[in-house]
Visitor: 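Before I ask anything, here is the structure I am working with.
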Amino acid sequence: MTTHTEQRGRDLRPRRPHGARPALAGLAPLAWIGPAIALIAFAVLWPVVKMAQSSTRHWSRYGVDLGSNGTDNYSKLFKEQDLGGVLLRTGIWVVVVVTVTMVVSLAVAQLFNQRFPGRTVARWALIAPWAASVMMTALIFKYMLYQGYGFINILLDDLGLVDRSSPTADWLGHSTSGFVWEMAVAVFVSIPFTSYTVIAGLQTIPAEVYEAAKMDGASKLRTYFSVTLPMLRPSLLVAAVINVMNVFNSFPIIWEMTRGGPGYDTSTTTVFMWVLKKGGHIGESAALSVVNFVLVIVIVFAFLKVSKWNIEAD
Amino acid sequence: MKRLVTLAATGLAASLALAACSSSKSSGDNSSSGAGDSSKPVTISLLAPSYGSSDKDDTKLYWQQIINDFQAKNPNIKVDLQMATWDNLATKLTTAIQNNDAPDLFEGGGYADVAAQGLLYKASDIVSPDTLKNLIPHVAELGQTKGADGANAQYGIPFTTSTRAFFYNTDLFKQAGITDAPKTWADVAADAAKLKAVGKTGFGLPLGSEEAQAETYLWTLGNGGGYKDASGKWAINSPQNVETFQWLTDNLVKPGLTESDPATKKRTDLWKDFAAGKIGMINGSPALIPILKQGSIGDNWKSVAIPGKTGPLNSPLGVADFIEVFNTKKDHKAAVSKFLDFALQKQYQEQFDNEYMLLPATQDAAGELSTQTPALKPFIDALPLAAWYPSSDPQWDPTSQKIKDIVGKAVSSDPKGVLDQIQAVATGS
């Protein structure tokens with residue numbers, strides 16, 4: 001089927017100057033890209049249009065459309081007393097989780113790229129947090145952090161660091177310590193993917209460049225920063241962009257561990273979106289999801305722009 | 001540049017896919033066939049909360065038995081039972097309605113908001129006049145609210161009621177050298193300090209998302225406050241209420257006499273801790289009694305009237321749970337009527353109340369239980385005096401949700417600011 005079309009496409013080209021054929025020929029690429037365009041329109045563009053539309057409607061608490069609402073949902077959303085804190089927290093969440101994940105993953109990848117006995121097993125083990133359901137991981141951490149009898153608290157108690165029945169040991173009950181633990185779990189589940197991307201990157205670096213560096217008498221540290229890191233740039237870029245989006249949109253960790261509370265003290269925009277919807281403010285929730293969407297796009301583009309600028313500066 | 005575009009495109013597609021995932025499911029099925037008359041098979045649905053401790057699903061068994069008995073007599077009507085915990089009941093119902101897939105029958109909290117949206121049948125359209133007459137009158141009155149037509153009518157059909165009391169562990173009181181049950185807030189604080197001295201949590205204060213609206217009401221009533229003022233206007237940020245939370249912060253929470261971080265603690269967890277002898281005092285309903293029987297506390301507890309600022313509350317907090325009948329599936333009406341008349345029979349009401357030590361909603365059951373189970377008589381007699389949630393106000397549901405979300409912060413940060421935020425939701429401003 002495809003070969004036929006290709007042949008006809010090729011046959012058409014020389015005849016282009018004659019007659020009405022060119023118009024048809026212009027349409028020919030549609031046969032290839034048409035299905036993709038249809039898929040994008042249906043699965044990508046249409047939901048975005050729906051999302052934007054629903055943010056301008058007045059919804060009852062129970063999802064009945066009560067007509068147009070203009071920008072009311074947005075003005076209500078920006079008047080929410082907790083929104084400022086939520087946005088700031090989302091920023092901290094993304095920056096800290098992605099940065100720590102990247103740094104730790106670079107080290108982990110370096111380690112796993114060495115030859116050592118049992119490397120295959122160790123590499124398999126690294127996949128575990130990735131393969132496990134994020135919700136289960138979050139729940140298990142929640143149990144391990146229980147005041148009094150959680151595993152982590154027992155461990156810390158045995159080490160003499162924290163009294164496991166003291167208020168401090170109620171990690172998820174306080175806004176700050178709860179959020180820090182959630183960021184730790186987010187890093188934990190992001191490391192496998194990132195490490196594998198970096199390992200894949202490390203394996204594409206040819207041995208010759210290292211030999212050349214050796215010949216020139218570069219130190220190990222110098223080799224890492226001047227050869228390895230620059231050559232890893234493409235895979236680091238991919239890992240970082242995907243992590244930024246994943247972490248930004250992450251919901252289950254925070255929801256399972258603290259439900260975004262106490263109050264809304266550990267909510268990010270994604271969690272707050274659900275909180276608004278749960279409280280019956282569907283329109284506001286839709287408005288926040290539009291804001292969220294725009295934010296992701298802006299962050300990703302800004303990030304790519306900055307990385308690109310770095311490459312040119314080299 | 002090409003890479004930039006490719007990456008950006010990947011990013012765009014991925015985030016769009018995520019955004020698409022979060023949009024709601026397609027609308028629910030209205031395809032269940034069958035007319036209401038019992039000649040054609042029909043399946044009706046019931047969503048109900050679990051009243052027992054969470055590890056035992058005994059409320060499910062209770063409903064399942066009624067359903068089995070009912071289905072034996074009405075082979076053409078099937079009842080699909082869904083259970084939820086109190087913690088996620090409201091979310092489950094809201095989500096079902098938003099997805100246009102409301103259950104036919106819902107048992108649990110508020111009804112006023114959904115009635116105002118025109119989503120409910122009037123009680124008189126569903127249950128028989130005999131069943132209606134049999135409901136305890138002043139509890140049935142609580143089920144009245146304005147419907148979508150603007151007229152007042154009964155939409156909530158009471159299913160069970162309860163009153164709240166103050167429970168304390170007599171064993172721990174003895175250890176701590178406390179002789180009398182507390183009558184005032186000052187007593188509670190003093191006794192909690194003595195209990196802390198023997199290594200226990202003095203008072204269990206569940207202000208987390210499960211039932212913070214009850215704990216809030218119990219404490220604010222003790223200071224002459226509450227949710228509405230005498231003229232029926234919302235008064236959540238009244239000076240009395242602010243003072244109540246300030247007192248709780250200064251006298252119980254800051255000195256460490258409660259469990260840590262009350263804002264995140266659930267009632268069911270604290271009830272279990274009380275039953276395990278870890279907590280000395282707690283507010284509870286008769287539903288706590290079966291949990292105590294399973295715990296290590298045994299019979300070493302007593303319940304008294306809830307302490308207020310200057311003396312015990314003279315009107316206990318009454319809580320009524322209502323059944324709402326959704327009108328979204330018109331062809332289920334006859335089947336739902338039949339089932340509800342069947343389920344509200346005396347024997348089932350009594351069975352439920354004996355199991356959970358809760359109070360009935362029907363007169364014949366109340367009369368018989370008063371003589372059969374003397375322990376319940378004072379609670380049944382107290383029902384007419386009780387203070388109730390403002391549940392016939394359509395704003396109560398969103399307000400109650402907001403209380404659950406944030407009231408816990410009133411004992412760790414600025415009480416006035418938190419209560420102002422809740423008041424704003426109640427008044428819709």
Visitor: I'd like to know which of A/L172, A/I40, A/D265, A/V244 tops the heavy-atom pair count under 4.5 Å against chain B.
Guide: A/D265
Visitor: Could you look at B/S260 and say if it's the side chain, the backbone, both or neither that has a heavy atom under 4.5 Å from chain A?
Guide: both
Visitor: Under 4.5 Å from any heavy atom of chain A, what part of B/K404 do you find: side chain, backbone, both or neither?
Guide: neither
Visitor: Check A/P262 against B/K409 and note the closest heavy-atom contact, atom names and distance.
Guide: O-CD, 3.9 Å
Visitor: Which answer fits A/I282, side chain, backbone, both or neither, if we ask what part of it has an atom under 4.5 Å from a heavy atom of chain B?
Guide: side chain
Visitor: Could you tell me which portion of A/K277 (side chain, backbone, both or neither) has an atom closer than 4.5 angstrom to a non-hydrogen atom of chain B?
Guide: both
Visitor: I want to check something: taking the side chain as every heavy atom from C-beta on, are B/T95 and A/K278 in contact at a cut-off of under 4.5 Å?
Guide: no
Visitor: Would you indicate whether the side-chain heavy atoms of B/K265 and A/D170 approach each other to under 4.5 Å?
Guide: yes
Visitor: Does any heavy atom of chain B fall under 4.5 Å from the side chain of A/W46, the backbone, both, or neither of them?
Guide: neither
Visitor: What part of A/N292 gets within 4.5 angstrom of chain B, counting heavy atoms only: side chain, backbone, both, or neither?
Guide: neither
Visitor: Please classify the contact of B/V407 with chain A as side chain, backbone, both or neither, using a heavy-atom distance under 4.5 Å.
Guide: neither
Visitor: B/T264, B/D397, B/L93: which one forms the most heavy-atom pairs within less than 4.5 Å of chain A?
Guide: B/T264
Visitor: Quiz question: by atom type and distance under 3.5 Å, do the side chains of B/D261 and A/Q147 form a donor-acceptor pair?
Guide: no
Visitor: May I ask you to name which of B/I406, B/D405, B/V418 has the most heavy-atom pairs under 4.5 Å with chain A?
Guide: B/D405
